[in-house]
Amino acid sequence: MILGANRDEMRTRPWDGPGRHWDDRPHVTAGLDQLAGGTWLGMNDDRLVAGILNRQNSLGPATGKRSRGELPLDALDHAEARVAAAALAALDPAAYRTFNMVIGDTQGAHWIANDEALEGIRLQPIPPGVSMVTAHDLNDPGSDRIRHHLPRFRAAPSPNPETGDWFAWEALLADRSRADDANWSGAMALDPEDFAPEDFAPESFESEEGAERMNFGTVCSSLIALPAPGSGKLPIWRFAPGMPGKTPYYEVML
């Protein structure tokens with residue numbers, strides 16, 4: 001599985017890069033949101049990855065709602081993506097503000113949507129081929145970002161983690177050609193195959209209009225590769241603690 005993700009957030013919101021930040025979850029490596037104590041993206045020692053993003057018009061916390069940053073950590077308590085996805089799909093949707101989640105491992109990836117217009121939480125597998133999620137639905141052409149970027153990721157050469165070739169995806173994650181969009185909060189890419197390129201790709205996060213754009217932007221970026229079990233290869237997480245294209249990636253200690 002291969003994944004690439006940008007995180008867009010208020011620049012004043014404090015966070016720490018990927019690490020084993022939770023004493024009660026020593027098997028989890030994830031970024032730490034210092035404000036709420038959760039994460040936006042992480043992986044566990046079973047080679048499961050979980051990430052979360054807002055749906056439209058749901059930036060920030062809300063009175064009476066739990067933090068959405070809890071949810072990737074809950075997913076990472078499981079060893080298999082299909083089991084984790086089923087567990088999170090059974091949550092009370094009213095307990096959280098709306099969100100999209102991606103949960104994946106080397107066996108496949110799943111999209112979970114919690115939206116006020118839905119009756120409950122929606123769960124569906126991510127199909128083979130490059131896909132994209134924004135604050136809208138999976139591969140939704142109603143998202144300007146999906147219409148613009150999804151064809152570009154599908155046409156781009158796939159990363160080759162074995163040779164260290166991430167060039168095409170790094171360039172796309174650094175691209176700001178749609179930075180004029182009012183609704184923009186990041187980008188993520190994921191591929192469930194063994195270091196293969198063609199199964200799941202960018203995920204863009206969009207915030208609602210009215211965000212304080214001078215204080216809101218890409219604060220970090222990740223590129224993750226999860227090899228197939230038994231391959232003898234080790235997982236890779238490359239992390240840029242700033243805007244990609246301006247901040248170099250380093251390899252996270254796993």
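The first residue of the sequence shown is numbered 1, and numbering continues consecutively from there. None of the values given here were measured: they were computed from a predicted structure.
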Kindly compute the distance separating [atom1] ([X]) from [atom2] ([Y]), expressed to the nearest 0.5 Å.
X: Ile52; Y: Arg7; atom1: CD1; atom2: CZ; value: 11.5 Å
X: Met132; Y: His149; atom1: CE; atom2: NE2; value: 6.0 Å
X: Asn54; Y: Thr134; atom1: CG; atom2: OG1; value: 11.5 Å
X: Ser143; Y: Leu138; atom1: OG; atom2: CG; value: 11.0 Å
X: Arg13; Y: Gln34; atom1: CZ; atom2: CD; value: 10.5 Å
X: Trp15; Y: Met10; atom1: CH2; atom2: CE; value: 15.5 Å

Quiz item: Is there a side-chain contact between Ile103 and Val49 (heavy atoms, below 4.5 Å)?
Solution: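 No, their side chains stay 4.5 Å or more apart.
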
Quiz item: Quick one: are Val28 and Met43 in side-chain contact, heavy atoms under 4.5 Å?
Solution: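 Heavy-atom side-chain distance check fails, nothing below 4.5 Å.
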
Self-check item: Residue pairs fulfilling salt bridge (charged side-chain N to carboxylate O under 4.0 Å, His left out) with at least one residue in residues 61-73, sequence neighbours excluded
Solution: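 Applying salt bridge (charged side-chain N to carboxylate O under 4.0 Å, His left out) to every pair that reaches into residues 61-73, excluding sequence neighbours, yields Arg66-Glu70.
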
Quiz item: If you look only at pairs with a residue in residues 244-254, which of them pass as a salt bridge (charged side-chain N to carboxylate O under 4.0 Å, His left out), with sequence neighbours excluded?
Solution: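 Residue pairs with at least one partner in residues 244-254: there are none.
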
Quiz item: By side-chain contact (heavy atoms from CB on, under 4.5 Å), which residues pair with Asp46, not counting sequence neighbours?
Solution: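 Asp46: side-chain contact (heavy atoms from CB on, under 4.5 Å) contacts with Asn44, Ala79.
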
Exercise. Only counting residues at least two apart or in another chain, list the ones meeting side-chain contact (heavy atoms from CB on, under 4.5 Å) with Leu91.
Key: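 Result, side-chain contact (heavy atoms from CB on, under 4.5 Å) vs Leu91: Leu71, Leu88, Tyr96, Ile121.
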
Quiz item: Got a sec: does the OH of Tyr250 have more than 12 other heavy atoms crowding it under 6.0 Å?
Solution: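 Atom OH in Tyr250 is packed in, count exceeds 12.
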
Do [X] and [Y] share a hydrophobic cluster (ILVMFWY, side-chain heavy atoms under 4.5 Å, transitive)?
X: Val252; Y: Ile224; answer: yes
X: Leu35; Y: Leu73; answer: no
X: Phe99; Y: Leu123; answer: yes

Please determine, by modelled atom types, if [X] and [Y] share a side-chain donor-acceptor pair under 3.5 angstrom.
X: Thr98; Y: Asn114; answer: no
X: Arg11; Y: Asn215; answer: no
X: Trp237; Y: Ser222; answer: yes
X: Trp111; Y: Asn100; answer: yes

Quiz item: How far apart are the closest heavy atoms of Tyr249 and Pro244, and which atoms are they?
Solution: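 Nearest pair, atom of Tyr249 first, then Pro244: OH-CB, 3.5 Å.
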
Practice problem: Grab the two heavy atoms, one from Pro241 and one from Thr247, that are nearest each other, plus how far apart they are. | Solution: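 Heavy atoms only, the tightest pair is CD-CG2, 3.6 Å.
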
Do any side-chain atoms of residues 17-24 form donor-acceptor pairs under 3.5 angstrom with protein atoms, and if so which ones, sequence neighbours left out?
{"from": "Arg20", "atom 1": "NH1", "to": "Pro26", "atom 2": "O", "distance (Å)": "2.7"}
{"from": "Arg20", "atom 1": "NH1", "to": "Asp45", "atom 2": "OD1", "distance (Å)": "3.3"}
{"from": "Arg20", "atom 1": "NH1", "to": "Asp45", "atom 2": "OD2", "distance (Å)": "3.2"}
{"from": "Arg20", "atom 1": "NH2", "to": "Asp45", "atom 2": "OD1", "distance (Å)": "2.9"}
{"from": "His21", "atom 1": "NE2", "to": "Gly17", "atom 2": "O", "distance (Å)": "2.7"}
{"from": "His21", "atom 1": "NE2", "to": "Gly19", "atom 2": "N", "distance (Å)": "3.4"}
{"from": "Trp22", "atom 1": "NE1", "to": "Gly37", "atom 2": "O", "distance (Å)": "3.1"}

Exercise. May I ask you to decide whether Asp105 forms a salt bridge with Arg82, counting only side-chain N to carboxylate O separations under 4.0 Å?
Key: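 Here Asp105 does not pair with Arg82 in a salt bridge, since their nearest N and O are not under 4.0 Å apart.
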
Quiz item: Is a salt bridge present between Asp115 and Arg122, judged by a nitrogen-to-oxygen distance below 4.0 Å?
Solution: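 No.
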
Exercise. Would you please name every residue forming a side-chain hydrogen bond (donor to acceptor under 3.5 Å, both in side chains) with Asp74, sequence neighbours left out?
Key: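 Applying side-chain hydrogen bond (donor to acceptor under 3.5 Å, both in side chains) to Asp74 gives Arg25.
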
